[in-house]
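One structure is given below, encoded as structure tokens.
Within every chain, numbering begins at 1; the chains are lettered A, B, ... in the order of the sequence lines, protein sequences first and strands thereafter.
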Number of protein chains: 2
Amino acid sequence: MRIYIAMNSYVFEVLADPSRRKIVETLRAGECAVNDVVARVAIQQSGVSRHLRILMEAGFVQMRPQGTQRLYSLRAEPFRELDTWVALYRSLWETRLDRFGAALERSQQVNRPAQPSSPTRPARPRKKQAA
Amino acid sequence: MRIYIAMNSYVFEVLADPSRRKIVETLRAGECAVNDVVARVAIQQSGVSRHLRILMEAGFVQMRPQGTQRLYSLRAEPFRELDTWVALYRSLWETRLDRFGAALERSQQVNRPAQPSSPTRPARPRKKQAA
DNA sequence: GATGTATATACGCATACGTGCATATTGTGT
DNA sequence: ACACAATATGCACGTATGCGTATATACATC
């Protein structure tokens, strides 16, 4: 039986924007008010709010009002979808073991010198800002 | 030259396009000539070639000329990067055990009760069309 | 109720992106 | 050399997207 996880597909579109990724990264530390996020991103508050709305609609975040503030935090679903998606391609670099073995092996990857994958790493954009 | 795999960041931009994802999916089956891909996507050959170039530049695919044809196939790197990235968010849905235990438990997910469902649900395309 | 803070939304703009069409390029067979 | 097949590229266009500015809305405190 095949399990088709219809991948929101939208997940990638959402994550495609650098500002949005930055926001998500920020939220990884935990619940944040909008202004807290604004302090960490290089765009205006209006922009952050817009991005948060997009993230919300896509299920990446949830919101909890607290007084005047709105505390945003990450939700698991889209990330899990992403994980499920990428799992389809693990065979590209994993040894062919059964599922259990694969999971185990993955646990050993955690030990490998993981690169600082968080901070926006300017790879080279295809066209956008050439810099 | 050194190869720093600090999350291309570009990975998401590349995967953001539905046609490109479709192409990647297609290539999951194995090496394909351009026209084979064209047959499976809803865009012109010129578009496919362009997308393949983008995928190539981003390291998603490699090419092997064969006569008049050009056989494209997937490369592991970007997918591994993606896997590494999403790994940072696994704690969102995995029980808080140490990394090793987490990996182990992943193989037993069946037993775990579902996460408290959160508000935002649908996540429907903000604008663009997909599918 | 008035004021100040925190966040969301409307508007307009610049631009980057995907696409199709036409054409160039490369390779094959005769 | 010629004709054909496979693929790549230049060009133009429509449109979606992210941004900032200005404004609206919600809440708290006095």
Side-chain angles (χ1 to χ4, degrees), chain A residues 9-24 26-27 31-58 61-73 120 122-131, chain B residues 9-24 26-27 31-58 60-73 119-120 124-131:
Chain A
S9 91
Y10 198 43
V11 170
F12 288 111
E13 279 88 334
V14 170
L15 255 17
D17 183 76
S19 300
R20 235 131 50 199
R21 278 200 304 278
K22 181 73 175 168
I23 292 177
V24 166
T26 298
L27 289 180
E31 230 181 16
C32 273
V34 180
N35 274 339
D36 297 338
V37 177
V38 173
R40 313 213 177 223
V41 189
I43 61 176
Q44 292 299 108
Q45 172 264 318
S46 67
V48 172
S49 280
R50 260 189 314 262
H51 283 308
L52 282 171
R53 187 157 78 87
I54 292 170
L55 287 168
M56 179 82 101
E57 289 175 358
V61 301
Q62 57 193 143
M63 190 266 283
R64 179 170 73 92
Q66 187 193 49
T68 325
Q69 306 191 115
R70 306 212 167 195
L71 304 180
Y72 285 88
S73 54
T120 350
R124 44 161 166 228
R126 186 157 54 83
K127 345 181 179 178
K128 214 141 190 180
Q129 39 159 16
Chain B
S9 90
Y10 196 43
V11 169
F12 289 112
E13 279 89 333
V14 170
L15 256 17
D17 183 76
S19 299
R20 235 130 52 198
R21 279 201 305 277
K22 183 74 176 168
I23 291 177
V24 166
T26 299
L27 290 180
E31 230 181 15
C32 273
V34 179
N35 273 339
D36 297 339
V37 177
V38 173
R40 313 213 177 226
V41 189
I43 60 175
Q44 291 298 108
Q45 172 264 317
S46 67
V48 172
S49 280
R50 260 188 312 261
H51 282 309
L52 282 171
R53 187 155 80 85
I54 292 170
L55 288 168
M56 178 82 100
E57 291 176 357
F60 277 83
V61 301
Q62 57 194 142
M63 190 266 282
R64 178 171 73 91
Q66 186 193 50
T68 324
Q69 305 190 116
R70 308 213 163 193
L71 304 180
Y72 285 87
S73 53
T120 10
R124 54 0 159 110
R126 189 156 51 84
K127 18 200 163 165
K128 210 147 192 174
Q129 88 302 352

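- In the set D:dA8, C:dT7, C:dT19, C:dT7 carries the atom at the smallest distance from any side-chain atom of A:N35.
- Taking atom CD of residue B:Q66 and atom C1' of nucleotide C:dT26, one finds them 15 Å apart after rounding to whole Å.
- Taking atom CZ on B:R64 and atom C1' on D:dT7, their separation rounds to 16 Å, with Å as the unit.
- In this structure, A:M56 places its CE atom 8 Å from P of C:dA8, rounding to the nearest Å.
- A donor-acceptor pair is defined here as one N or O able to donate and one able to accept, closer than 3.5 Å; no such pair exists between the side chain of B:R70 and the backbone of B:M63.
- The nearest whole Å value for the distance from the CD1 atom in A:I54 to the C1' atom in C:dT7 is 16 Å.
- Regarding contacts with the backbone of D:dT9, a side-chain N or O of B:R53 is found under 4.0 angstrom from either OP1 or OP2.
- Atom CE of A:M63 is separated from atom C1' of D:dC27 by 13 Å (rounded to the nearest Å).
- B:V34 places a side-chain heavy atom less than 4.5 Å from the side chain of B:S49.
- If you check C:dT26, D:dG18, C:dA8 against the side chain of B:T68, the one that comes closest is C:dT26.
- Counting to the nearest Å, the C1' atom of C:dT7 and the CD1 atom of A:I23 are 13 Å from each other.
- For the pair B:E13 and A:F12, the minimum side-chain heavy-atom distance is 4.5 Å or more.
- Remark: P of D:dA6 and CG of B:L71 are 13 Å apart, rounded to the nearest angstrom.
- Phosphate contact (OP1/OP2 of C:dC17, side-chain N/O of B:R20, threshold under 4.0 Å): absent.
- For A:R20 (side chain) and A:V14 (main-chain N/O), a donor-acceptor pair under 3.5 Å exists by modelled atom type.
- The side chain of A:Y72 places an N or O atom within less than 4.0 Å of a non-bridging phosphate oxygen (OP1 or OP2) of C:dA8.
- A donor and an acceptor atom sit less than 3.5 Å apart, one in the side chain of B:S46 and one in the base of C:dC21.
- No side-chain donor-acceptor contact under 3.5 Å links A:R64 to the backbone of A:L71.
- A:H51 is listed as a side-chain neighbour of A:D17, based on a closest heavy-atom distance under 4.5 Å.
- For B:H51, no side-chain nitrogen or oxygen approaches OP1 or OP2 of C:dC17 to under 4.0 Å.
- Comparing D:dC19, D:dG18, C:dT7 by their nearest atom to the side chain of A:S19 picks out D:dC19.
- Of the candidate nucleotides D:dG18, D:dT21, C:dT7, C:dT7 has the atom nearest to the side chain of A:R70.
- With hydrogens and angles ignored, a donor-acceptor pair closer than 3.5 Å exists between the side chain of B:R50 and the base of D:dG10.
- With DNA chain D read from its 5' end, the first of the two nearest nucleotides for B:L52 and A:Q44 is the one closest to B:L52.
- Regarding B:L55, its CG atom lies at a distance of 13 Å from the C1' atom of C:dG18, rounded to whole Å.
- Distances were taken from every side-chain heavy atom of A:Q69 (C-beta onward) to each of D:dT9, C:dG18, C:dA6; the shortest belongs to C:dA6.
- At a threshold of 4.0 angstrom between heavy atoms, the contacts of A:G47 with the nucleic acid are absent.
- Closest to the side chain of B:S49, from the set D:dA8, D:dA28, D:dG18, is D:dA8.
- For A:Q45 against C:dA8, a side-chain N or O and a base N or O form a donor-acceptor pair under 3.5 Å.
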